[in-house]
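Data block below; observations after.
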Amino acid sequence: MKPILEIKNFQAHFHTRRGIVKAVDDISYQILPGETLGIVGESGSGKSVSQLSYLRLLPSPPLKIVGGEVLFHGKDLLKMTAEELRQVRGNKISMIFQEPMTSLNPYMKVGTQLIEPLLIHRGHSQEEAWKKGILELKRVGISDPEKAMSKYPHEFSGGMRQRVMIAMALTTDPELLIADEPTTALDVTVQAQILDILKNIQKQTKMAILLITHDLGVIAGLADHVVVMYAGRVFEKGTAADIFEKSQHPYSRALLKSTPRIDAIQTQLPVIAGTIPDLSKLPPGCPFYDRCENRMDICRSVFPPKKAIDPGHETYCYAEMSR
Amino acid sequence: MNPTVVKISDLKVHYPIRKGFFSFGKPQTLKAVDGISFELKEGEILGLVGESGCGKSSLGRAIIRLVDATSGKVDIQGIDFLALKGKALKAKRPQIQMIFQDPYASLDPRMTVFDILAEPVKAHMKLSSKELEERIKKYLELVNLPVKALKKYPHEFSGGQRQRICIARALILEPKIVVADEPVSALDVSVQAQILNLLKDIQQKLNLTMIFISHNLSVVKYISDRIAVMYLGKIVEIGSRQDIFASPRHPYTQALISAVPIPDPKTERNRVRVPLIGEIPSPINPPSGCTFHTRCPFAVAHCKEAIPRLENVAQNPAWQVSCWEANLV
């Protein structure tokens with residue numbers, strides 16, 4: 001199967017007064033049609049910035065795309081004109097953001113903003129689009145969708161707003177949905193509802209989902225493949241089983257171990273010493289060097305090359321880990 | 001058995017709500033905390049969990065008197081902390097301290113770490129400058145920060161280090177009780193474990209009594225001895241960590257626990273969830289009877305009419321649940 005989106009050696013830097021911030025530094029991964037790819041990472045790992053930068057949703061400057069390719073169905077998004085990209089963005093590639101409170105326009109009725117993509121990308125009439133909008137709201141589990149269309153965002157709770165965001169992202173039947181921390185601002189019981197909606201819709205439509213989150217539990221429930229990112233780099237990628245059961249990277253392993261779990265009694269949590277590095281002062285080698293328990297001298301000077309563990313399971317680390 | 005340090009009885013925090021500037025109608029009330037009672041033994045950590053809007057932060061703030069309770073008592077070693085005034089109140093305040101969620105917002109950016117830590121000491125104790133410095137250094141060491149941090153400003157630290165400063169500030173007056181309101185929620189996963197372990201170590205070292213407020217059940221499970229689950233201003237279940245997580249009796253506790261994702265694909269994909277309908281209702285007009293009946297998968301007609309009370313589970317007074325349909329055996 002051909003990947004729907006293929007990111008190759010992508011680099012995006014911010015040029016700031018404090019120096020160059022290497023937010024995305026030579027990352028490569030791909031996502032197949034109909035699958036869910038989970039991207040995990042902590043703040044500053046570049047998991048969101050990478051998506052926002054190739055979709056040109058960030059101001060440039062300060063952002064500068066330094067190199068690489070981002071192929072959507074084989075066509076490089078980075079080389080498209082603004083008009084060509086507009087045909088893809090919000091149409092074939094949709095996005096849901098973390099903050100449902102701030103990503104809806106408070107001055108517009110929910111229905112009006114919900115059908116915008118249909119008017120722009122599909123050339124629907126107002127009436128047609130409104131009808132489709134009602135169906136979309138129904139699909140994400142909003143009761144009384146006719147009435148909801150005429151309400152304003154402040155009349156909804158956080159979970160309801162996130163449903164509206166999802167409905168909006170899905171109006172054009174995208175092939176790829178980028179969900180950036182879609183449930184982080186929500187309570188767990190509502191999170192479970194929203195994740196179920198995403199799963200069910202994916203079953204019906206076969207769209208690919210790129211799920212960005214810091215929550216390993218959410219990834220474990222949804223993702224077919226997982227990419228682990230840290231300080232602008234990809235550290236490890238593989239199937240969910242590869243990452244959760246036989247991870248070969250010290251960071252992925254440590255992150256899993258230091259996460260409190262509801263299904264276990266933990267007396268002492270193993271910690272990762274130190275803090276996330278400043279991206280404008282990264283050392284030349286591996287950015288995890290200072291915090292790594294398996295570090296070697298070479299890690300300090302040269303970022304490790306790709307190492308294949310199994311087909312599809314790759315890490316970027318010099319250390320030989322026990323299997 | 002350790003002695004009881006805090007006894008909270010029938011605590012209520014009601015906020016008046018006025019709609020519009022010139023509304024002369026009957027003011028509505030938001031019952032953020034609506035009749036909460038529990039006791040804390042010395043050296044115990046009570047985890048307070050619930051979803052946003054359940055009143056857990058209001059409860060924490062009322063206990064420490066950052067908001068005024070509408071009624072009820074907070075007995076600290078036999079003295080009602082909420083009834084104290086003036087000098088008596090000031091004298092008692094060092095015994096109960098707070099750690100806040102956001103270490104970026106709860107430190108004054110214009111103060112050095114030394115000044116931040118000196119402020120509570122200067123307000124409550126008369127120490128010579130040498131004693132002050134020694135005390136500050138002692139607490140800096142307790143939270144594993146280097147002495148050179150004293151001359152720095154908050155912006156020079158990462159989130160985790162700032163939370164260490166906040167912890168030192170809360171502990172420097174040697175409180176008996178610490179209320180920690182979401183102390184690790186703003187931190188990254190890799191830093192969260194450091195702060196959790198630090199809190200646990202310090203709590204054991206100093207035999208602190210702690211109320212640990214969080215929406216994250218995994219974190220609460222890790223750190224707490226006992227757990228109280230709140231819903232719309234009331235405790236719906238309270239018990240030991242073992243009891244609450246091994247065999248939760250309240251449907252809400254069951255739903256909460258089953259909704260927390262587990263970082264293991266095999267387990268996570270084969271889980272059976274207790275499904276909850278909708279979201280937490282408005283605390284301004286809470287549902288009748290058991291306030292949970294609108295979302296409860298097991299609700300019967302009776303639940304809409306009568307308010308359940310906390311009752312002992314398995315004849316154990318330390319484990320209580322308020323539900324008409326719960327198994328109490």
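Chain naming here is simple, since letters A, B, ... match the order of the sequence lines and numbering starts at 1 in each. Bear in mind that the values here come from a model prediction, so they are computed numbers and not experimental data. Heavy-atom basis, side chains included; hydrogens, waters and symmetry copies ignored.
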>> For Lys199(A), I'd like to know if atom NZ has over 12 heavy atoms of other residues, nucleotides or ligands within 6.0 Å.
In response: yes
> What residue, out of Leu222(A), Ile219(A), Asp215(A), has the most heavy-atom pairs lying under 4.5 Å from chain B?
Replying inline: Leu222(A)
> Thr275(A), Asp263(A), Leu216(A), Val190(A): which one forms the most heavy-atom pairs within less than 4.5 Å of chain B?
Replying inline: Asp263(A)
> What do the steps show when you test Thr189(A) against Glu51(B) for side chain to side chain donor-acceptor pair (under 3.5 Å), and what is the final call?
Replying inline: CA-CA 8 Å; Thr189(A) 58; Glu51(B) 296 178 287; 2.4 Å; yes
> How long is the span from the CG atom in Leu269(A) to the CD1 atom in Ile223(B), to the nearest 0.5 Å?
Replying inline: 9.0 Å
> Judged by atom type as modelled, is there a donor-acceptor pair below 3.5 Å linking the side chain of Glu279(B) to the main-chain atoms of Ser157(A)?
Replying inline: no
> For Ser158(B), is it the side chain, the backbone, both, or neither that has a heavy atom closer than 4.5 Å to a heavy atom of chain A?
Replying inline: side chain
> So, does Gln192(B) use its side chain to make a donor-acceptor pair with the main chain of Thr259(A) at under 3.5 Å?
Replying inline: no
> Rounded to the nearest 0.5 Å, what separation is found between the CG atom of Leu256(B) and the CG atom of Asp187(A)?
Replying inline: 8.5 Å
> Would the number of heavy atoms belonging to other residues, nucleotides or ligands and lying under 6.0 Å from CD of Glu245(A) be above 12?
Replying inline: yes
>> Could you report the tightest heavy-atom contact between Ser190(B) and Arg291(A), atom names first, then the distance?
In response: OG-NH2, 2.9 Å
>> Nearest 0.5 angstrom please: Ile265(A) CD1 to Tyr222(B) OH, how far?
In response: 12.0 Å
>> If you compare all heavy atoms of Pro261(B) against all heavy atoms of Val218(A), which two are closest, and at what distance to 0.1 Å?
In response: CB-N, 3.7 Å
> Between Ala254(A) and chain B, which part of the residue has a heavy atom less than 4.5 Å away: side chain, backbone, both or neither?
Replying inline: neither
> To the nearest 0.5 Å, how far apart are CG in Leu187(B) and CD1 in Ile276(A)?
Replying inline: 9.5 Å
> Do other residues, nucleotides or ligands put more than 12 heavy atoms under 6.0 Å from Lys152(B) NZ?
Replying inline: yes
>> Taking atom CD as the centre, does Glu146(A) end up with more than 12 heavy-atom neighbours from other residues, nucleotides or ligands that are less than 6.0 angstrom away?
In response: yes
>> Which one wins on heavy-atom pair count under 4.5 Å against chain A: Gly50(B), Gly53(B), Ser282(B), Ser52(B)?
In response: Ser52(B)
> Rounded to the nearest 0.5 Å, how far apart are OG of Ser218(B) and CD of Gln266(A)?
Replying inline: 8.0 Å
>> Can you tell me which portion of Gln193(A) sits under 4.5 Å from chain B's heavy atoms? Options are side chain, backbone, both or neither.
In response: side chain
> Quick one: what part of Ser143(A) sits under 4.5 Å from any heavy atom of chain B, side chain, backbone, both or neither?
Replying inline: neither
> What distance separates Asn216(B) CG from Ile262(A) CD1, expressed to the nearest 0.5 Å?
Replying inline: 8.0 Å
> Between Gly158(A), Gly44(A), Ser43(A), which residue shows the highest count of heavy-atom pairs closer than 4.5 Å to chain B?
Replying inline: Ser43(A)
>> Only pairs of heavy atoms separated by less than 4.5 Å count here; which of Val274(B), Ile262(B), Ile257(B) has the most with chain A?
In response: Ile262(B)
> Do you know which two heavy atoms are closest between Pro270(A) and Ala193(B), and how far apart they sit?
Replying inline: O-CB, 4.2 Å
>> Give me the atom names and distance for the closest heavy-atom approach of Val189(B) to Ser258(A).
In response: O-OG, 4.3 Å
>> Just so I understand: if I count every heavy-atom pair under 4.5 Å between each of Arg269(B), Arg271(B), Lys221(B) and chain A, which residue has the most?
In response: Arg269(B)
> At a heavy-atom separation under 4.5 Å, does Leu256(A) approach chain B through its side chain, its backbone, both, or neither?
Replying inline: side chain
> What part of Gln268(A) is in contact with chain B, defined as an atom under 4.5 angstrom from a non-hydrogen atom: side chain, backbone, both or neither?
Replying inline: both
> For atom CZ of Arg273(B), is the number of surrounding heavy atoms from other residues, nucleotides or ligands below 6.0 Å larger than 12?
Replying inline: yes
> If you tally heavy-atom pairs under 4.5 Å against chain B, which of Ala192(A), Gly221(A), Gly159(A), Ala241(A) wins?
Replying inline: Gly221(A)
> Nearest heavy-atom pair of Glu268(B) and Gly217(A): which atoms, and what distance?
Replying inline: CG-O, 4.0 Å
> What pair of heavy atoms forms the shortest contact from Asp264(B) to Arg261(A), and how long is it?
Replying inline: CB-NH2, 3.6 Å
